[in-house]
Amino acid sequence: MDKKNKTLGEFIIENQSSFQYSSGELSKLINAIRLAAKVVNHEVNKAGLIDILGAAGDTNIQGEDQQKLDVLANEKFIQTLKNREIVCGIASEEEDDFISINSQDEQHQNKYIVLIDPLDGSSNIDVNVSVGTIFSIYRRVTPVGTPVTIDDFLQPGDNQVAAGYIVYGTSTMLVYTTGDGVNGFTLNPAIGTFYLSHPNMQFPETGKIYSVNEGNYIHFPQGVKDYIKYCQQEEGDRPYTSRYIGSLVSDFHRNMIKGGIYMYPKSSKAHEGKLRLLYECNPMAFLAEQANGKASDGKGRIMALKPTELHQRVPFFCGSTKMVEKAEEFIAKANK
Ligand code: AHM
Ligand code: MG
């Protein structure tokens, strides 16, 4: 078949056997995410019509309560995963605790857990700027047939079996990895089908874009300040260009295509940074490494960290390998 016309559904089936556990379950799981992504995409696209269709808290014409989009996205993803009976547990950035799922037929027979940030960058919705969904999939570590425990969720990112994101942008894309490279699929909204548009995505080894909220500059550690000054210096291929959407998925997506670094450092106001290790940093780190890039907490690999809590935050530096290494170098020098 012509590669250009390959759908996500076809790609999942074709690549099922290359997955190390060779499990149809993982394929079903990615199919469920594909379905939820389409539903959420439909809702996100209506966001600009809120004055017409009703805002959160209102009741719509069918008598249903209107919900905030991040709450709605959370419900759609969780409901879809529950309905398909393919996971034994879900943790969401929107929920305080993880959810244990009992399968209707056989109790707790499923092997996979999902961690999800249903609508990341949601402050961008009101102004018609891209938002995204981030997901991360692990095999449970506790025995199949028993309820999941916190240990199933607090696994290092290195244990991920799949991860990805959906970017609801100028077009909607689903980008994911199962540990065998990164592939991107673009939604054709007219027929509701994702097509393989970006096979084997790779971060350029270096780039010219740095993405950071520079409004926090004075609160950053010295090493980060030094690296930002380095990015701005007139020398060689510098100064770099500053691009910051404030939507991790979109900033990452652009940097993967063009070459760049995304940074959310710790600061004197946020001692561990802002981003969540389990819902945001680990899945993006898995994608970055699978695409020849790098993800660090400023000192070492994000995916090597052993999580201690579900909503743990961590400083995050991610993107083109040489740029992340340079940032680490400046941080190490300042810490001497
Ligand atoms: P959220 O999960 O509350 O949406 O926060 C995560 C988002 C990232 O997408 C984005 O890169 C970052 O927060 C922006 O934060 P800031 O406005 O502090 O720069
Ligand atoms: Mg988020």
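For ligands, and for the atoms within them, numbers begin at 1 and follow the listed sequence. Just so it is clear, the structure is predicted and the values come from calculations on it, not from any experiment.
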ask   = Do any N/O atoms on L119 end up under 3.5 angstrom from N/O atoms on ligand 1?
value = no

message = Any nitrogen or oxygen of E93, side chain or backbone, less than 3.5 Å from one on ligand 1?
response =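 It does: an N or O of E93 is found under 3.5 Å from an N or O of ligand 1.
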
At a 4.0 Å threshold, what atoms of ligand 1 neighbour a non-hydrogen atom of [X]?
X: S122; answer: 4 (O)
X: Y244; answer: 11 (O), 12 (C), 14 (C), 15 (O), 16 (P), 19 (O)
X: Y262; answer: 10 (C), 11 (O)
X: D117; answer: 2 (O)
X: G246; answer: 9 (O), 10 (C), 11 (O), 14 (C)
X: E280; answer: 2 (O), 6 (C)
X: L248; answer: 8 (C), 9 (O), 10 (C), 11 (O)

Tell me which protein heavy atom sits closest to [atom], plus the residue, atom name and distance to 0.1 Å.
atom: atom 18 (O) of ligand 1; answer: Y264 OH, 2.6 Å
atom: atom 4 (O) of ligand 1; answer: G121 N, 2.7 Å
atom: atom 6 (C) of ligand 1; answer: D120 OD1, 3.2 Å
atom: atom 15 (O) of ligand 1; answer: K274 NZ, 2.9 Å

We want to know whether [X] and [Y] form a side-chain donor-acceptor pair, criterion being a heavy-atom distance below 3.5 angstrom.
X: T178; Y: N15; value: no
X: N282; Y: S136; value: no
X: E214; Y: Q232; value: yes

task = State the atom name: nearest N, O or S atom of D120 to the Mg ion (ligand 2).
result =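 The closest N, O or S atom of D120 to the Mg ion (ligand 2) is OD1.
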
key: Minimum-distance atom from the Mg ion (ligand 2) among N, O or S atoms of D117   =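 The nearest such atom is OD2.
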
query = What do you reckon, does Y279 put a non-hydrogen atom under 4.0 Å from ligand 1?
reply =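 No heavy atom of Y279 comes that close to ligand 1.
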
query = Does ligand 1 have an atom that lies less than 4.0 angstrom from a heavy atom of R276?
reply = no

request  = Report yes if the distance between the aromatic ring centroids of Y244 and Y264 is under 6.0 Å, otherwise no.
outcome  =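 No: the rings miss the under 6.0 Å criterion.
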
message = For F317 and Y227, I'd like to know if the aromatic rings sit close, meaning centre-to-centre distance below 6.0 Å.
response =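 Judged by ring-centre distance (under 6.0 Å), F317 and Y227 do not meet the cut-off.
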
request  = Mark yes when over 12 heavy atoms from residues, nucleotides or ligands other than R243 sit less than 6.0 Å from its CZ; otherwise mark no.
outcome  =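 No, because the 6.0 Å sphere around CZ of R243 holds 12 heavy atoms or fewer from other groups.
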
key: Degrees at the Mg ion (ligand 2) between the OE1 atom of E93 and the OE2 atom of E280, nearest 10°   = 70°

I'd like to know if the side chain of [X] reaches the main chain of [Y], judged simply by a donor and an acceptor atom lying under 3.5 Å from each other, with no hydrogens or angles considered.
X: H253; Y: I166; answer: no
X: Q155; Y: D152; answer: yes
X: D226; Y: I331; answer: no

query = Does any non-hydrogen side-chain atom of I113 lie less than 4.5 Å from one of F98?
reply =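 Of all side-chain heavy-atom pairs linking I113 with F98, none is under 4.5 Å.
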
query = Is the shortest side-chain N to carboxylate O distance from E43 to K46 below 4.0 Å?
reply = yes

